[in-house]
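Below is one structure; the comments refer to it alone.
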Amino acid sequence: MRRLTAVLATAAVTAGVLGGCGGETWTDKCTTAAGVVECAPDQRTQVKPVSGELLDGGAYNLSQDRGKVVVVNFWGSWCAPCRAEADDLENTFQATKDKGVTFLGVNSRDDKDAAREFERGRVTYPSLYDFEGKVGLQFDVTNTAMPSTLIIDRQGRIAVAIRQATTETQLRPLVEKVAAEGTG
């Protein structure tokens, strides 16, 4: 019995370590409601350097957009909720780009040709091609739900994370709120 208890205790500790239990993540400092994590400016985490290959060729580095609000959407052409939110993302991009906002897609686990075809006629902002999901790790995003959207503030910090499909009605006010910070 003692041996079984020791084995179970060891398994529980191992699971806790592997699962990240006990360690604080950036989301622990923020408020979460209905799949949306919002962080107050003094609680935001700085994004690590992020770079990658664009779906249409060329390179992208997040630092080139410092000073802008960057909305990052993780998507795949195979993902039905991603298809459903594409028009809302594009509409929000068009409505906010004159406010110093830019959008970036991150395409994961996808065939490059299928991803290009998905984007054609749907969105006008660029996407990184990230078959293996390494870009999400650069953003320190441990939730792998697809789709997901991050709003990065002008200082390069995560202001909002939406861990589900979004709509223009949900996304646009969040983007506008972050875009208005420090401008009034």
Side-chain angles (χ1 to χ4, degrees), residues 26-27 29-75 81-82 84-108 115-116 118-130 134-141 143 145-184:
W26 64 268
T27 59
K29 303 173 188 175
C30 306
T31 59
T32 304
V36 178
V37 179
E38 286 191 73
C39 301
D42 63 340
Q43 298 297 314
R44 295 178 185 164
T45 299
Q46 192 71 38
V47 174
K48 297 173 185 165
V50 175
S51 61
E53 172 195 350
L54 290 169
L55 189 56
D56 63 358
Y60 173 83
N61 191 312
L62 184 63
S63 65
Q64 73 192 41
D65 286 324
R66 183 57 73 87
K68 294 181 182 178
V69 172
V70 182
V71 178
V72 182
N73 177 257
F74 295 85
W75 64 276
C82 300
E85 73 175 4
D87 288 342
D88 291 289
L89 290 161
E90 178 64 20
N91 290 342
T92 303
F93 170 60
Q94 293 300 328
T96 61
K97 66 183 179 179
D98 291 338
K99 297 175 182 179
V101 176
T102 191
F103 276 52
L104 175 69
V106 179
N107 172 261
S108 296
R116 285 183 186 137
F118 173 84
E119 273 197 332
R120 191 170 295 123
R122 280 195 176 94
V123 297
T124 58
Y125 53 85
S127 285
L128 291 173
Y129 181 64
D130 183 38
K134 292 180 179 178
V135 172
L137 296 175
Q138 291 177 21
F139 279 104
D140 196 22
V141 177
N143 183 326
M146 182 102 40
S148 293
T149 302
L150 299 175
I151 302 173
I152 311 298
D153 70 13
R154 296 180 194 284
Q155 290 75 41
R157 304 170 301 179
I158 300 172
V160 178
I162 303 170
R163 294 181 164 170
Q164 60 198 12
T166 191
T167 62
E168 184 177 1
T169 304
Q170 178 187 50
L171 181 61
R172 187 171 171 179
L174 293 167
V175 173
E176 289 174 341
K177 178 180 172 183
V178 175
E181 292 174 354
T183 61

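Predicted model, so just to flag it, every value in this text is computed and none were measured. Residue indices begin at 1 and follow the sequence shown.
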Discussion item. Using the rule given for side-chain contact (heavy atoms from CB on, under 4.5 Å), can you reason through Leu150 versus Ile152, listing the C-alpha separation, both sets of side-chain angles and the distance that settles it, and then say yes or no?
Written reply: CA-CA 6 Å; Leu150 299 175; Ile152 311 298; 4.2 Å; yes
Taking atom [atom1] of [X] and atom [atom2] of [Y], what is their separation to the nearest 0.5 Å?
| X | Y | atom1 | atom2 | value |
| --- | --- | --- | --- | --- |
| Asp153 | Glu181 | CG | CD | 6.0 Å |
| Ile151 | Phe103 | CD1 | CZ | 7.5 Å |
| Glu38 | Ile162 | CD | CD1 | 8.5 Å |
| Arg163 | Thr32 | CZ | OG1 | 7.0 Å |
| Arg44 | Gln155 | CZ | CD | 8.0 Å |
| Met146 | Asn73 | CE | CG | 9.0 Å |

Worksheet item: Which atom names give the shortest non-hydrogen contact between Phe93 and Val101, and what distance separates them?
Response: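 Between these two residues, the closest heavy atoms are CE1-O, 4.4 Å.
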Discussion item. Looking at every heavy atom in both Pro126 and Leu54, which two are closest together, and how far apart are they?
Written reply: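 Smallest interatomic distance, heavy atoms only, reads CB-CD2, 3.9 Å.
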Practice prompt. Sort out for me which residue in Leu89, Asp88, Thr96 forms a side chain to side chain contact (heavy atoms under 4.5 Å, CB included) with Leu171.
Written response: Leu89
Fill in: Whether Phe118 and Trp75 hold their rings parallel, tilted or perpendicular, with breakpoints at 30° and 60°
parallel
Worksheet item: Does the side chain of Thr124 pick up a donor-acceptor pair with the side chain of Glu90 at under 3.5 Å?
Response: yes
Item to complete: Check whether the side chains of Asn107 and Glu119 place a donor and an acceptor atom closer than 3.5 Å, and report yes or no.
Response: no
Practice prompt. Examine distances only and state if a side-chain atom of Glu85 and a backbone atom of Thr166 form a donor-acceptor pair shorter than 3.5 Å.
Written response: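 Indeed, once roles are kept as given, a pair shorter than 3.5 Å links the two residues.
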